[in-house]
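Let me begin by presenting the structure, written as structure tokens, before commenting on it.
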Amino acid sequence: MKTLTANSRISSRIQRNWDWRASGNFIGGGVGSGLIFWSTLFGLTGFDSTLLLLLGLALVGAGLFCVWLEIGRPWRALNVFKHFSKSWMSREAWVAPLLFISGAGAWLLEPLLVWPTALLALTFLYSQSRILQADKGIPAWRHPRCAQLIVATGLTEGCGLLLITMPLVGEAHPWSWGILLALLAVRAITWNRYRTGLDQSSAPPASRKQLARISNRFLWAGHLIPALLLPVALVRPEAAIVAGALAMISGAW
């Protein structure tokens with residue numbers, strides 16, 4: 001009877017500890033690392049990716065600055081470097097300076113450091129995804145498919161921002177539209193697999209209800225509409241910009 005009484009007092013609630021500053025870290029880090037990855041690879045085709053690479057690094061830096069603001073005693077943030085062997089947050093912290101150094105090198109010595117920069121961007125994004133999965137206190141995050149969703153979202157957001165900014169620095173590449181289309185399909189599948197996984201693992205009903213509440217809008221505005229706009233871009237290139245914006249904004253949301 002005591003056990004039943006204690007359990008009856010436990011109820012689901014939306015966590016409030018991870019506020020806009022923590023969200024800013026994942027949004028900036030996700031779209032920034034995704035943009036770095038795609039812009040460095042597109043640079044190999046002769047496309048001038050310098051400004052986009054710098055923009056990606058700036059977004060990653062802005063995200064890290066947001067999480068620095070979240071810490072009660074900001075200069076204690078240096079302690080994060082102490083736990084590389086067991087903390088994905090520490091691994092993210094170690095990868096970040098390497099990414100900035102390699103990114104600066106890719107800017108100055110292109111194409112010598114293009115591939116290392118792209119690999120470090122992926123490593124940074126993967127580290128962020130594992131930070132959420134390691135937060136065992138939040139069932140909706142600790143599911144393994146959550147990490148898959150974060151990686152798919154970051155790559156999609158980065159490609160979306162690439163389509164937005166590409167006309168500003170050079171001619172748009174139609175095959176970049178095909179890459180975004182493929183990424184939208186991957187993210188939609190990953191989203192549905194994530195929600196199915198939560199159902200199968202009996203995650204708290206309140207968590208599943210929150211995800212169900214946004215699912216239709218996320219799939220329609222963030223996937224179906226952009227997918228329909230991309231073929232239109234063959235005739236009206238500006239449609240690709242709108243598709244990219246929807247893909248990026250929906251991922252951040």
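These figures come from a predicted structure and were not determined experimentally.
- Under 3.5 Å, the side chains of T153 and R187 contain no donor-acceptor pair of N or O atoms.
- Placement of L229 and L180 in two distinct hydrophobic clusters is found when ILVMFWY residues are connected by side-chain heavy-atom separations under 4.5 Å, directly or transitively.
- Two different hydrophobic clusters hold W191 and L228 under the rule that ILVMFWY side chains link at heavy-atom gaps under 4.5 Å.
- A parallel orientation is assigned to the rings of F42 and W175, their planes being inclined by less than 30° (bins at 30° and 60°).
- With hydrogens and angles disregarded, a donor-acceptor distance shorter than 3.5 Å links the side chain of T117 to the backbone of S102.
- Heavy atoms of other residues, nucleotides or ligands lying less than 6.0 angstrom from CH2 of W220 number 12 at most.
- Cluster membership check: M166 shares its hydrophobic cluster with V31, using side-chain heavy-atom separations under 4.5 Å among Ile, Leu, Val, Met, Phe, Trp and Tyr.
- Distance check, rounded to the nearest 0.5 Å: CD1 of I150 to CD of E157 gives 8.5 Å.
- Between the side chain of Y194 and the backbone N or O of A140 there is at least one donor-acceptor pair closer than 3.5 Å.
- A96 approaches L64 most closely through the heavy-atom pair CB-CD1, 3.7 Å.
- For R21 (side chain) and C66 (main-chain N/O), no donor-acceptor pair under 3.5 Å exists by modelled atom type.
- L132 CG to S127 OG: the interatomic distance, rounded to the nearest 0.5 Å, is 11.5 Å.
- Hydrophobic clustering keeps W177 apart from V232 (ILVMFWY residues linked when any side-chain heavy atoms are closer than 4.5 Å, directly or through intermediates).
- In this structure a side-chain-to-backbone donor-acceptor pair under 3.5 Å is present from W38 to L155.
- From I189, atom CD1 reaches atom CG of L149 across 12.5 Å, with rounding to the nearest 0.5 Å.
- In this structure a side-chain-to-backbone donor-acceptor pair under 3.5 Å is present from H223 to F218.
- Residues A227 and L184 come closest through the heavy atom pair N-CD1, 3.9 Å.
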Derivation and outcome, side chain to side chain contact (heavy atoms under 4.5 Å, CB included), residues T123 and Q128: CA-CA 9 Å; T123 305; Q128 285 204 321; over 6 Å; no

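- Hydrophobic clustering of Ile, Leu, Val, Met, Phe, Trp and Tyr side chains at less than 4.5 Å, counting indirect connections, unites L163 with L234.
- Closest of all the heavy-atom pairs between V60 and S33 is CG2-N, 3.7 Å.
- Defined by atom type and a distance below 3.5 Å, a donor-acceptor pair is missing between the side-chain atoms of Q148 and R145.
- With hydrogens and angles disregarded, no donor-acceptor distance shorter than 3.5 Å links the side chain of S215 to the backbone of L211.
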